[in-house]
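Protein chains get the first letters and strands the later ones, always in sequence-line order, with residue 1 at the start of each.
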Amino acid sequence: MEAPAPTNANRQRSLAEKSIQPDVATAADVATAANVAGPACGGGLFAPHVSPIGRALLGWYRSGNRDLPWRRTRDPYAIWVSEIMLQQTRVEAVLPYYQRFLERFPTVEALAAAPEQDVLSAWSGLGYYSRVRNLHRAARQVAEAGRFPRTYDEILALPGVGEYTAAAIASIAFGLPHAVLDGNVLRVMARLHADFGDIGAQATRKRLRDQAQRDLPHQDAGDYNQALMELGATVCLPRDPRCLLCPLSESCRARAEGLQHQLPTKLRRAPMVAVETTLLVVTRHCAEISAKEVLLWQRHGSHRMSGFWDLPEAHMLPGAALGATLRTFRHSIMNHAHRCQVMAAQVEEAPPGFRWIPRSQLPHLPLSTMTRKALRDLLGA
DNA sequence: AAGACGGGGCC
DNA sequence: GGCCCAGTCTT
């Protein structure tokens, strides 16, 4: 019982928002409308109508789900942070970052007040760094406004918050009846309804979102959404659907026809591009501070990974004296497969745009993972 | 509608 | 090496 029953005010607000929902009226809508119209029903004396699928899903979810830190809070800020981190990122990858980030920036005001470099540094390694820049911007907006947005439309208006995240925050933090549509829900819905449409196409996504919305129990929107995602993450797996463990197997059309392995349909995909990269580790010993320094440059502007520090590539320092090859490694970024060669090098002085960074500073800087790999030996103790 | 945007884990 | 992941924003 971690989630308190939605208040009557919540239900009123939900109804008011129905107009922005593209779905058609369903039995669940009618049931909710009846509850709001009638006397307040405390303690679930008059249980609203819940579809068989919604009931099965909630029963399964509540009988045991993963104990995740963002499921232990009702703080909209904490839930918001978790949802941004979880965009295109696995739960296991998020866990170590989430706790640390919230300890460092425990409130939206703390995040708003923090310098950009600190925020980037706390996100460093998680990827998709525009997420954290938008999160930071949004935190400043919220702090400025003095209140956290409380409707789907207000939440959606925050930078970095799209339809998925707005529905997730609205339902999980505020109990509003908005179905989420993420990769998990897409897969579960495509199988459940044996829908062979390309899940990258808008028409298919709208169809599947409507299906998810149709079975959403308006009193338990947050748990329903999390149950659907939990099902996709632990049972309705991409390659190996565990239909024998699935609470929806009786209702699943793909399962009935033995098509679960052929769904969902995904069409487009960018071809990989091979890239040869030579990174230079240029060091010097600074007598003044009696420390080893390394030559780095910082990305600026609206380009990718703005604010991050990088090693120079060989073509950036045509005058450098190249030394030994320190190591080689592979690193893939999106559809670019880098083969990286790390070489020692020397320069007379730092060229324009470059700075000498003391080795002790490295752990506190925003560094891409490719740079971390190249600097492994200098980053260690 | 198509591209860009990180990184890691799995086969 | 390809696929997938609690997506969003910009052309």
Describe the nucleic acid contact of L68(A) in one word from base, sugar-phosphate, nothing, applying a heavy-atom distance below 4.0 Å. base
Side-chain N or O of K373(A) versus OP1/OP2 of dG6(B): is the shortest distance under 4.0 Å? no
Side-chain contact, heavy-atom cut-off 4.5 Å: R205(A) with Q202(A)? yes
Looking across every strand, which nucleic acid part, if any, lies under 4.0 Å from G125(A) by heavy atom: base, sugar-phosphate, or nothing? sugar-phosphate
Other residues, nucleotides, ligands: >12 heavy atoms within 6.0 Å of E144(A) CD: no
Any side-chain donor-acceptor pair under 3.5 Å between R372(A) and S124(A)? yes
In whole angstrom, what separates I199(A)'s CD1 from dC3(C)'s C1'? 12 Å
What distance do Y61(A) atom OH and N225(A) atom CG have between them, rounded to the nearest 0.5 Å? 10.0 Å
Could you check whether I84(A) gets within reach of a base, just the sugar-phosphate, or nothing at all, counting any heavy atom under 4.0 Å? nothing
On DNA chain C, nearest-nucleotide positions of L158(A) versus E230(A): which is more 5'? E230(A)
Do we see a donor-acceptor contact under 3.5 Å between the side chains of D198(A) and T204(A)? no
Under 3.5 Å, side-chain donor or acceptor atoms of residues 348-358 of chain A against the rest of the protein: list the pairs with distances, not counting sequence neighbours.
none

Under 4.0 Å from any atom of DNA chain B, heavy atoms only: list the residues of residues 363-370 of chain A that qualify, in numerical order. S368(A), T369(A)
Whole-angstrom distance between dG8(B) and dT8(C), as gauged at atom P: 22 Å
Quote, to the nearest angstrom, the P distance that separates dA6(C) from dA4(B). 24 Å
Mind checking if V180(A) touches a base, just sugar-phosphate, or nothing, with heavy atoms under 4.0 Å? nothing
Under the ring pair (Phe, Tyr, Trp, His ring centres under 6.0 Å) test, which residues partner W60(A), sequence neighbours left out? none
Given atom OH of Y98(A) and atom P of dA6(C), what is their separation to the nearest angstrom? 17 Å
Rounded to the Å, how far apart are L95(A) CG and dG8(B) P? 15 Å
With rounding to the closest Å, how many angstrom separate the P atoms on dC3(C) and dG3(B)? 16 Å
T165(A)-E83(A) side chain donor-acceptor pair, cut-off 3.5 Å: no
In whole angstroms, the gap separating C1' of dA6(C) from CZ of R209(A) amounts to 16 Å
Hey, does W123(A) reach any base, or is it just sugar-phosphate, or nothing, if we go heavy atoms under 4.0 Å? nothing
Given the structure, check if the side chain of T89(A) and the base of dG8(B) hold any donor-acceptor pair shorter than 3.5 Å. no
Round to the nearest Å and state the distance from Y129(A) atom OH to dG7(B) atom C1'. 7 Å
Any salt bridge linking D67(A) with R72(A)? Criterion: basic side-chain nitrogen under 4.0 Å from a carboxylate oxygen. yes
What residues 181-197 of chain A contributes to the DNA chain C interface at heavy-atom separation below 4.0 Å is D182(A), G183(A), N184(A), R187(A)
Distance, rounded to the nearest Å, where L126(A) contributes CG and dC5(B) contributes C1': 14 Å
Of W80(A), Y98(A), F101(A), Y97(A), the residue whose pairing with W70(A) passes ring pair (Phe, Tyr, Trp, His ring centres under 6.0 Å): Y98(A)
For nucleotides 9-11 of chain B, give me every protein contact, N/O to N/O, under 3.5 Å, one pair per line with atom names.
none

Closest to the side chain of V91(A), out of dG6(B), dC5(C), dA6(C), is dA6(C)
Quick one: which of dA6(C), dG6(B), dT8(C) gets closest to the side chain of Y128(A)? dG6(B)
Out of dG7(C), dC4(C), dG6(B), which has the shortest distance to the side chain of M305(A)? dG6(B)
Sorted by chain and residue number, the salt bridge (Lys or Arg N to Asp or Glu O under 4.0 Å) partners of E230(A) (sequence neighbours excluded) come out as R66(A), R71(A)
Can you tell me if the side-chain N/O atoms of Q88(A) get under 4.0 Å from OP1 or OP2 in dG7(C)? yes
Closest-nucleotide 5' rank along DNA chain B - winner of G127(A) and Q202(A): Q202(A)
